[in-house]
Amino acid sequence: MTDVSLPFPLRCCPWSSCCGMGDFRPRTVWLGHPEKREQRYPRNVINNQKYNFFTFLPAVLFNQFKYFFNLYFLLLACSQFVKELRLGALYTYWVPLGLVLIITIMREAVEEIRCYLRDKEMNSQIYSKLSTRGTVKVKSSGIQVGDLIIVEKNQRVPADMIFLRTSERNGSCFLRTDQLDGETDWKLRLPVACTQRLPTAADLLQIRSYVYAEEPNIDIHNFIGTFTRVGLFDLEVNCLTKILFGALVVVSLVMVALQHFAGRWYLQIFRFLLLFSHIVPISLRVNLDMGKMVFSWMIKKDSKIPGTVVRASTIPEQLGRISYLLTDKTGTLTQNEMVFRRLHLGTVAYGMDSMDEVQSHVFSAYTQPTHDLPASRAPAATKVRKTISSRVHEAVKAIALVHNVTPVYESNGVTDQAEAEQHYEDTCRVYQASSPDEVSLVQWTESVGLTLVGRDQSSMQLRTPTGQILNFTILQIFPFTYESKRMGIIVRDESTGEITFYMKGADVVMAGIVQYNDWLEEECGNMAREGLRVLVVSKKSLTEEQYQDFEARYVQAKLSVHDRSLKVATVIESLEMEMELLCLTGVEDQLQTDVRPTLEILRNAGIKVWMLTGDKLETATCTAKNAHLITRNQDIHIFRPVTTRGEAHLELNAFRRKHDCALVISGDSLEVCLKYYEYEFMELACQCPAVVCCRCTPTQKAQIVRLLQERTGKLTCAVGDGGNDVSMIQEADCGVGVEGKEGKQASLAADFSVTQFKHLGRLLMVHGRNSYKRSAALSQFVIHRSLCISTMQAVFSSVFYFASVPLYQGFLIIGYSTIYTMFPVFSLVLDKDVKSEVAMLYPELYKDLLKGRPLSFKTFLIWVLISIYQGSIIMYGALLLFESEFVHIVAISFTSLILTELLMVALTIQTWHWLMIVGELLSLACYVASLVFLHEFIDVHFITTVSFLWKVTAITLVSCLPLYILKYLRRRFSPPNYSKLTS
């Protein structure tokens, strides 16, 4: 199948002002003549890159130096060009800064190249274009407004297009809009009538025609936006960095004050600022960024959550601190696979265990010759039996006719497509429709004996249990819309000439259309409480005169220039009166695999789950119960519908008197509450163990996420699978997209993409928890490493009359933060306190992270005190034990410092990994080997003496042994939760 379409941009271009397109206007597009366009339009290219060739370096540098500590070290390095402020060689400051910048630039460059390659792949897809020279190949990026593009079967639509012609005989085309709204079901599209009637596609170039299009506008099918995330962990680290800078300034001022501000004291302040600059660790940012890359790699390589993709590698530690999880229902908690469960006729209902009775009634309707006889000629029992049989048959026939499903026949290798279609081969037939609900209904009618075997724009064919083909002419069809919540069809039975109007829709609209009855509302509620999606099916018989009158009015309304939609709707509504109620149908959406244990894990971890769905209240409540989002022992408060401020006030007061109960509220009531009592409602809702919001719009979903963030200050995670979940996913601190039947739009817009909802448990409990704890340990240890050497510098300067003289110079300073300690410190990204199986088995361990304990002011202060203690012990010990030369102080103190850092890493590690041992030994070997080349700073002969060895050993033991003893006592008398499990 091939379709010919005309592309033109409907999207608002973000660069319109610089393209001469500041005002968006309607446009006229000539078919096949791009050169006749009235204005310039943007190129048909996908560009997801953050930079271009000219802005890459300036933008990357700006993004780095907008952080306080990077700007601070740039100023320090620049100050070394001032002779009075210089403390040593220039490379002492410029090499570490340059190393950090080079790693950052390389990382950004790699990501930019990957993005460019992805865009290039999409922009390079080849399409066929109709031209005066015949069919030519053109890249997607080369498509212009006005080109005639041939879109083949299973090929993506490359731009906004108008459907002109199709090669299908019936003049219809089915397409999927998963890249626009996340819906993967097939949607029927019809071409422009006059162009479809042309003999060949080439004739499109021979006719003189154009398309007038309205100005670009924003709707659900168009999306333009930029999303930026800064993680909470980065903000906390940045805050600690500012505290360290404050400490740096205070220490420098104290040193100058102890000199009584003698001489050019202002220069001394700058020298001390440079001297103690290591208080703010320059390597902190690069260590954290590299750690995040490792965490992202671990997530992608986890075989227990296959297919998981990390799209935002800067926030994996956010997964370890989620307090609220907001989830969609259909396709996320459920499979989005509809199964027919119930047929209700008012006096009798048929479930899955009694479908053989329905099949028997349908069979008898087409096999018993007496089924058309008048009731008076049959016995009473036969009359009742025939009445039930005829009612069942009429209901099944209505369900088999009122839909938008088309059977498609594909070759199976044995039978070709034409032959399969001609003989209605069951094995070659698949159903295509705009809704999985419709497909499930048609599949059910096939299972009970009435099969849809053919359909085009004007006719439909059904096959009876006896093999007879029933032909129906489609006179009119009224598609389903979200506003009308119903669909209808008018058909003529070719065998009898009868004209019937069938309609199905939601109970809220059908209740006012069907004839009065006393069971519709009650049974709809009962079926919805069982978790079934309910549709009301009705019919109305029309005479030929009635239909002709309707058709005349309908055609006249469609030709109206003013208020066309209103006039058409009015004409259709004239038919929608006093229709005969035939039946109720109930279909069920199955839960995803392991949804219940996953939600139980999240609940035990202290994460509150909110379900936001567009389904009706009863269905949403039933699904929440089935999924154990609401436990059996929890009370449920169903928020009554409110429309005014007074009603909302009364209902909130009633809700306030409830304790520890789940809340169920509709989108309309939610909107009223947020309008008048936003603070009070959010305060009460946040106390609930679970919240279900039904009839929610995409805008409301995003609003709820935003309010949770503002009112609680907690981290949120949004999970969804469709285009209507994108706004919620992007608003949340962590967005997770589930790749399902509604396409990939949610997963592409999310920070993390999973294939199943159950993978969320491991993503949070294992990877989120480990990433956060490892990041906290890594950042605090890097800070400790810098504070330790800064304390030694402060002690050294104090002893020597507060002189602004550096203790270590040249390669010693650079090596301390790189090859001497880098590998062991960075190996902390491999540490874990418990095995992944234990973390999943005891999700309560996750609760400890919600308060931010691994990285708090308390833990920060503890590491500061440890750094001051160890730095003081090492420096005072070296001063006390050195004999005659200053170079001996450097050798003793620096060696003790390196050994202390290596031992502290060993003290911090919870679970040893072989790479940790390699890192420790490699760092120690690098230091010992480099001593041969450091004769400028260290006396090589002195370090080979016994005196050096025992002094270093003594100082290292005094600095580390007390901490090992404290760690043992703490684990012995006040063990953390995880240690109880590991033991």
Side-chain angles (χ1 to χ4, degrees), residues 3 6 26 31 162-166 168-174 187-199 204 207 209-214 398 401-406 433-434 438 454-461 470-505 509-510 512-514 537-580:
D3 304 314
L6 176 74
L31 269 66
I162 290 179
F163 185 20
L164 298 177
R165 191 179 186 278
T166 178
E168 279 294 289
R169 292 178 305 170
N170 56 14
S172 63
C173 174
F174 282 87
K187 293 178 173 59
L188 176 65
R189 293 294 182 266
L190 302 177
V192 178
C194 63
T195 53
Q196 174 62 26
R197 287 195 293 266
L198 294 175
L204 289 168
I207 61 174
S209 59
Y210 62 87
V211 172
Y212 175 82
E214 64 178 357
L401 288 172
V402 58
H403 54 70
N404 204 20
V405 180
T406 299
S434 59
E438 291 208 309
R455 180 178 185 151
D456 54 30
Q457 284 184 272
S458 59
S459 65
M460 196 182 312
Q461 293 78 39
L470 305 178
N471 291 291
F472 296 87
T473 300
I474 300 176
L475 300 177
Q476 301 289 345
I477 187 166
F478 313 115
F480 173 87
T481 65
Y482 287 103
E483 293 76 22
S484 66
K485 298 181 180 178
R486 60 188 182 273
M487 77 149 302
I489 188 172
I490 301 178
V491 297
R492 176 187 279 117
D493 190 336
E494 292 298 316
S495 62
T496 63
E498 294 179 351
I499 300 176
T500 309
F501 174 36
Y502 292 104
M503 176 168 282
K504 69 178 179 182
V509 295
M510 296 295 290
I513 293 176
V514 299
V537 182
S538 63
K539 80 164 188 174
K540 186 176 188 178
S541 297
L542 302 175
T543 64
E544 186 69 33
E545 292 76 15
Q546 287 175 323
Y547 174 70
Q548 293 298 334
D549 175 65
F550 165 79
E551 185 182 33
R553 292 184 290 115
Y554 186 59
V555 171
Q556 184 178 4
K558 290 199 294 182
L559 293 176
S560 299
V561 178
H562 303 289
D563 299 326
R564 178 188 298 176
S565 299
L566 179 61
K567 292 179 180 179
V568 169
T570 303
V571 173
I572 296 176
E573 287 174 3
S574 66
L575 279 184
E576 299 173 341
M577 295 185 300
E578 293 297 313
M579 298 190 70
E580 179 186 351

J.: Could you tell me which non-hydrogen atom of Val571 sits nearest to which non-hydrogen atom of Ala557, and how far apart they are?
T.: CG2-CB, 4.0 Å
J.: Report, as yes or no, whether the 6.0 Å neighbourhood of atom CD on Gln556 holds more than 12 heavy atoms from other residues, nucleotides or ligands.
T.: no
J.: Any chance the rings of Tyr554 and Phe478 have centres within less than 6.0 Å?
T.: yes
J.: Identify the heavy atoms of Ala398 and Val537 that sit nearest to each other, and give their distance.
T.: CB-CG1, 3.8 Å
J.: Over all heavy atoms of both residues, which pair between Ile490 and Phe501 is shortest? Give the atoms and the distance, please.
T.: CG1-CD1, 3.7 Å
J.: Would you call the rings of Tyr547 and Phe550 parallel, tilted or perpendicular if under 30° counts as parallel and over 60° as perpendicular?
T.: tilted
J.: Would a 4.5 Å heavy-atom cut-off, applied to side chains only, mark Arg486 and Ile513 as touching?
T.: yes
J.: Give the minimum heavy-atom separation between Glu438 and Asn404, together with the two atoms involved.
T.: OE1-N, 3.2 Å
J.: Short question: side chain of Gln546, backbone of Thr543 - any donor-acceptor pair under 3.5 Å?
T.: yes
J.: I'd like to know if the side chain of Ser459 and the backbone of Asp456 have a donor-acceptor N/O pair within less than 3.5 Å.
T.: no
J.: So, for Pro479 and Ile477, which heavy atoms are closest and what is the spacing to 0.1 Å?
T.: CD-O, 3.6 Å
J.: Are Glu576 and Met503 side-chain neighbours, meaning at least one heavy-atom pair lies under 4.5 Å?
T.: yes
J.: Would you indicate whether the side-chain heavy atoms of Ile474 and Ser458 approach each other to under 4.5 Å?
T.: no
J.: Show the nearest heavy-atom pair for residues Met487 and Phe480, with the distance to one decimal.
T.: CB-N, 3.6 Å
J.: Thinking salt bridges, do Lys540 and Glu578 make one under a 4.0 Å N-O criterion?
T.: no
J.: Are Gln548 and Arg553 close enough that some pair of their side-chain heavy atoms sits under 4.5 Å apart?
T.: no
J.: Decide side chain to side chain contact (heavy atoms under 4.5 Å, CB included) for Lys504 and Ser538; before the verdict, give the C-alpha distance in whole Å, the side-chain angles of both, and the deciding distance to 0.1 Å.
T.: CA-CA 6 Å; Lys504 69 178 179 182; Ser538 63; over 6 Å; no
J.: Can you check whether Val491 reaches Ile499 side chain to side chain, under 4.5 Å on heavy atoms?
T.: no
J.: Rounded to the nearest 0.5 Å, what separates atom CG in Leu470 from atom OG in Ser495?
T.: 6.5 Å
J.: Does any non-hydrogen side-chain atom of Met460 lie less than 4.5 Å from one of His403?
T.: yes
J.: Can you tell me how far apart NZ (Lys567) and OG (Ser560) are? Round to the nearest 0.5 Å.
T.: 4.0 Å
J.: Output the distance between atom NZ (Lys539) and atom CG (Leu401), rounded to the nearest 0.5 Å.
T.: 11.0 Å
J.: Could you walk me through whether Glu498 and Thr500 pass the side-chain hydrogen bond (donor to acceptor under 3.5 Å, both in side chains) check?
T.: CA-CA 6 Å; Glu498 294 179 351; Thr500 309; 5.0 Å; no
J.: Distance check, rounded to the nearest 0.5 Å: Leu575 atom CG versus Leu542 atom CG?
T.: 6.0 Å
